[in-house]
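Read the numbers this way: they start at 1 and go in the same order the structure lists the ligands and their atoms. Computed from a predicted structure; not experimentally measured.
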Amino acid sequence: MDDVEIIDPRFASYVMGNAPLEKLATGFRWVEGPVWFGDAGCLLFSDIPNNRIMRWIDGVGTSVYREPSNFSNGHTRDHQGRLISCEHGTRRVTRTEHDGTVTILADSYQGKRFSSPNDVVVKSDGSIWFTDPHYGIMTDYEGYRAEQEQPCHVYRLDPESNKLAVVIDDFDCPNGLCFSPDETRLYVAETSKMFDPEANRRIRVFDVGADGRSVSGGADFYKVDVGCADGFRCDLDGNVWTSAGDGVHCVSPDGTLLGKIKVPETVSNVCFGGRAKARLFMTGTTSLYSIFLNRNGVQQP
Ligand code: MG
């Protein structure tokens with residue numbers, strides 16, 4: 001199979017010879033933030049420079065879900081199934097209610113506006129964790145160019161008190177993030193500040209404290225050799241499936257590269273979906289791709 005590169009023999013059972021890489025849709029500018037809605041049988045994803053969220057339905061095709069999208073980027077769902085979105089244009093994190101109205105969850109910290117929330121996950125306790133790099137305010141391409149008011153932090157929004165806390169404050173630019181299946185670990189991508197020629201390509205791993213709301217550590221977990229680790233999700237075995245410049249890299253919990261899904265465009269983000277969450281969806285520059293795997297993903301709800 002040309003679409004797959006097996007680096008560690010363990011990876012052989014993860015992929016299937018009769019399951020090719022599929023290009024599902026194309027013609028976008030820069031896509032990110034895929035999120036699966038099994039109940040609606042659709043995938044939502046952001047076409048950021050075109051300021052819209054797209055909806056893909058198997059056998060039907062792609063249509064516009066929301067336009068303008070406030071240059072939304074990363075998405076996830078909470079435990080009530082509601083869409084949680086990072087918006088560059090309005091520099092906030094929002095929740096789309098079941099009736100379609102949009103609730104602002106957070107847009108500032110200690111009186112200063114976020115830069116451009118990028119990626120978001122919801123923990124089993126309902127807390128919302130998100131990153132706030134500056135990419136959306138550095139140009140007019142993926143948002144509105146503006147002064148940066150806030151360092152680039154990782155935040156946690158408490159589900160009961162609505163209190164916002166900085167959980168990690170030592171990043172150049174945090175980007176994608178996800179928890180391990182048992183939530184004892186938090187993986188966070190570190191990408192470089194915009195226009196910095198010293199490209200960061202690493203994923204760092206943090207230990208989640210017994211309180212479930214603090215983290216420690218932050219050692220290097222994995223460094224991609226092509227492009228950067230923009231976004232990732234875990235499978236049920238705890239492997240991290242991360243975006244890279246040459247496709248998707250599957251990395252074991254001990255940081256070993258097991259294999260690659262080779263994609264002809266730079267991949268930004270991934271998510272598991274489809275029946276049994278055994279289909280890996282990949283947003284890749286101008287196109288949406290998928291491949292069926294012999295593994296099941298972790299993704300709420
Ligand atoms: Mg990102």
Open item on the list: Regarding Asp230, does it place an N, O or S atom less than 2.8 Å from the Mg ion (ligand 1)?
Closed with: yes
Task: Test: Arg279 and Glu22 ion pair at under 4.0 Å - done: yes
Open item on the list: Taking 2.8 Å as the cut-off, does Asn73 contribute an N, O or S atom near the Mg ion (ligand 1), distance below it?
Closed with: no
Open item on the list: With a cut-off of 2.8 Å, does Asn175 put an N/O/S atom close enough to the Mg ion (ligand 1)?
Closed with: yes
Task: Co-membership, hydrophobic cluster, residues Leu288 and Met54, 4.5 Å side-chain - done: yes
Open item on the list: Classify the ring geometry of Trp36 against Trp56: parallel below 30°, tilted from 30° to 60°, perpendicular beyond 60°.
Closed with: tilted
Task: Note: Lys163-Asp158 ion pair, threshold 4.0 Å (strictly below) - done: no
